[in-house]
Q: 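Dumping the structure here so I can ask a few things about it.
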Amino acid sequence: MEVLAALNLGDIAQVFSKMGMFPVFDVAYYIVSILYLKYEPGSVEVSRRSPVASWLCAMLYCFGSYILADIMLGSSPVDYFQHNSHILLASAVWYLIFYCPLNLFYKCVAFLPVKLVLVALKEVVRTRKIAAGVHHAHHAYHHGVFIMVIVGYVKGSGVALISNFEQLLRGVWRPDTNEILNMSFPTKASLYGAILFTLQEAHWLPVSKSTLILIFTLFMATSKVVMTARHSHGSPFALIESWVCHLLFGSPLGGSDEDHHHPPAAVPASPLKTKEELSEGARKRKAKKAE
C-alpha cells in the first residue's frame, strides 16, 4: 500500500479516467475497426461494387455497440448518428482505408508497430464504453444488476454481437460465426469487465471507478498488444476457463478460444486462430497468386 501511495495511483487513475477520447483515441478505434472490416472476405469487392453498403458496414463496425445498447435501453438506434463529428471522422477513415491511392493509408496503419499502438488505444476506448454502459444502465435500472452487466457487455462487444447482420449487408451469411456460440477474447473480456464495473457501481467491489478503469485498461491493452505482436490466437482466460467449464459443466479440458473474425471457408482453420488473422492471410495468399 505504501508503494501505491508513493506512486500516487489514485491521482493517476483520476487523471486517466477524465482524459478525453476524442479525437485521438476515437480515431484509433475507427482505424482498427475498419481495418478488421477490410480483412473480411469480400469486403474489398463490396467497396468497389457498392460503396453505400461498404460504408454502412464500416459504420456498424464503429458504432454497432452504441446502436445495440440504445435499442436495448429503449432509445432510437439512430441516436448516435447525431454526433456529426464522429460520423464524419469514421467516414474519412473508411474512405482512406478502402480508397486511398496505392493503398498507402492501409499499408501505414497495417504496419505492425503502428498497428500495435492503435490496438492499445482502441482498448482504452473499449474500457470506457463498458464503464459508460454500466453507468447508464444503473441510472435507468437502479437495482437491475443483470441489466447493467448486459448493457456494459454490449457496449464493449456490440460490434461482434451484430456481426451476422453486418454480414448480410456484405452479401455473406455465416450463422456458424455467431459470437454467442464462439466467443472471442475481446467479447469474453467485455463480459468480465461488465461484471467488475457492475460490482463497483453497486458498491460491492472496494475500489474506485477510476482505479478500476485504469487497471482494466492496462490489462486489455497489454493483452491485445502482446497477442497482436506475437500473432497469438489464444486467450489469457483459456486455462482458467477450461478448468472451470470442466468442473461446472463437464466439458473437456483445454477448450478452444476463437476470435470474432471467422476463417475463410477454403482454409481448414485451427480453432485457436482468429478471424482477422485468417482473413488477412487469405488476402496475402490471393495477392501472391495474382503475382
Side-chain angles (χ1 to χ4, degrees), residues 21 23-49 51 53-64 86 88-126 157 159-160 163 166-167 170 172 177 184-187 220-234 258-264 266-267 269-270 272-291:
M21 296 291 99
V24 176
F25 292 91
D26 285 328
V27 169
Y29 185 91
Y30 302 151
I31 290 175
V32 175
S33 298
I34 300 176
L35 190 63
Y36 286 162
L37 172 61
K38 190 165 184 176
Y39 292 160
E40 291 293 325
S43 62
V44 175
E45 290 78 7
V46 170
S47 69
R48 300 295 185 265
R49 185 173 67 251
S54 178
W55 179 82
L56 287 173
C57 291
M59 294 305 102
L60 284 179
Y61 262 69
C62 293
F63 309 115
H86 288 268
L88 291 174
L89 194 57
S91 300
V93 171
W94 160 76
Y95 186 85
L96 289 172
I97 287 180
F98 279 95
Y99 302 104
C100 181
L102 303 177
N103 258 348
L104 289 178
F105 186 78
Y106 167 76
K107 291 176 181 178
C108 289
V109 296
F111 182 53
L112 185 58
V114 176
K115 186 178 179 181
L116 293 179
V117 174
L118 295 174
V119 165
L121 296 180
K122 179 183 179 180
E123 296 310 313
V124 176
V125 178
R126 189 195 302 274
S157 59
V159 177
S163 60
E166 182 272 332
Q167 290 171 359
R170 288 190 287 113
V172 180
T177 62
S184 63
F185 164 69
T187 303
M220 288 297 297
T222 302
S223 299
K224 285 294 292 181
V225 167
V226 171
M227 291 169 65
T228 303
R230 299 179 61 186
H231 301 286
S232 172
H233 313 297
E258 297 184 11
D259 206 350
H260 69 276
H261 296 282
H262 61 271
V267 180
S270 165
L272 295 180
K273 287 189 176 181
T274 64
K275 190 173 80 173
E276 69 263 18
E277 294 292 344
L278 288 165
S279 300
E280 185 180 13
R283 286 172 55 79
K284 291 180 178 178
R285 284 191 292 272
K286 289 180 181 179
K288 289 182 179 178
K289 289 181 179 179
E291 293 175 357

Q: Judged by atom type as modelled, is there a donor-acceptor pair below 3.5 Å linking the side chain of Ser54 to the main-chain atoms of Pro51?
A: no
Q: For side-chain contact (heavy atoms from CB on, under 4.5 Å), just list the numbers for Tyr30 and Met59, CA-CA rounded to whole Å, side-chain angles, deciding distance to a tenth of an Å, and then say yes or no.
A: CA-CA 9 Å; Tyr30 302 151; Met59 294 305 102; over 6 Å; no
Q: Measuring from Ser232:OG to Phe185:CZ, what's the distance to the nearest 0.5 Å?
A: 10.0 Å
Q: Determine the minimum heavy-atom distance between Ile34 and Ala90, stating which atoms define it.
A: CD1-O, 3.6 Å
Q: Apply side-chain contact (heavy atoms from CB on, under 4.5 Å) to residues Leu35 and Lys115 and explain how you reach the verdict.
A: CA-CA 10 Å; Leu35 190 63; Lys115 186 178 179 181; 4.1 Å; yes
Q: Could you tell me which non-hydrogen atom of Ile31 sits nearest to which non-hydrogen atom of Ile97, and how far apart they are?
A: O-CD1, 3.7 Å
Q: Please check if the side chain of Tyr61 supplies one atom and the backbone of Glu166 the other of a donor-acceptor pair under 3.5 Å.
A: no
Q: To the nearest 0.5 Å, what is the distance between CG on Leu89 and SG on Cys62?
A: 9.0 Å
Q: Any chance you could measure Tyr106, atom OH, to Phe98, atom CZ, to the nearest 0.5 Å?
A: 9.5 Å
Q: Just to verify, which of Val119, Leu118, Leu112 counts as forming a side-chain contact (heavy atoms from CB on, under 4.5 Å) with Leu116?
A: Leu112
Q: Please report the interatomic distance CG(Leu60) to CZ(Arg170), rounded to the nearest 0.5 Å.
A: 10.5 Å
Q: Do you know which two heavy atoms are closest between Ser184 and Thr187, and how far apart they sit?
A: OG-OG1, 3.0 Å
Q: How close do Val159 and Gly64 get, heavy atom to heavy atom, and via which atoms?
A: CG2-N, 4.3 Å
Q: Distance-only, no hydrogens or angles: does the Arg126 side chain make a donor-acceptor pair with backbone N or O of Tyr29 under 3.5 Å?
A: no
Q: Decide side-chain contact (heavy atoms from CB on, under 4.5 Å) for Val32 and Glu123; before the verdict, give the C-alpha distance in whole Å, the side-chain angles of both, and the deciding distance to 0.1 Å.
A: CA-CA 10 Å; Val32 175; Glu123 296 310 313; over 6 Å; no
Q: I'd like to know if the side chain of Ser43 reaches the main chain of Lys38, judged simply by a donor and an acceptor atom lying under 3.5 Å from each other, with no hydrogens or angles considered.
A: yes
Q: For atom CZ of Arg48, decide whether the heavy atoms of other residues, nucleotides or ligands shown that lie under 6.0 angstrom number more than 12.
A: yes
Q: Can you confirm whether Phe105 is buried at CZ, in the sense that more than 12 heavy atoms of other residues, nucleotides or ligands lie under 6.0 Å from that atom?
A: yes
Q: For the atom pair NE2 (His86) and OG (Ser91), what is the distance rounded to the nearest 0.5 Å?
A: 12.5 Å
Q: If you measure from OG on Ser33 to CZ on Phe63, what distance do you get to the nearest 0.5 Å?
A: 9.0 Å
Q: Go through it in stages, so that I can follow the logic: the residues are Val172 and Glu40, the test is side-chain contact (heavy atoms from CB on, under 4.5 Å), and I'd like the CA-CA distance, side-chain angles, deciding distance and then a yes or no.
A: CA-CA 10 Å; Val172 180; Glu40 291 293 325; over 6 Å; no
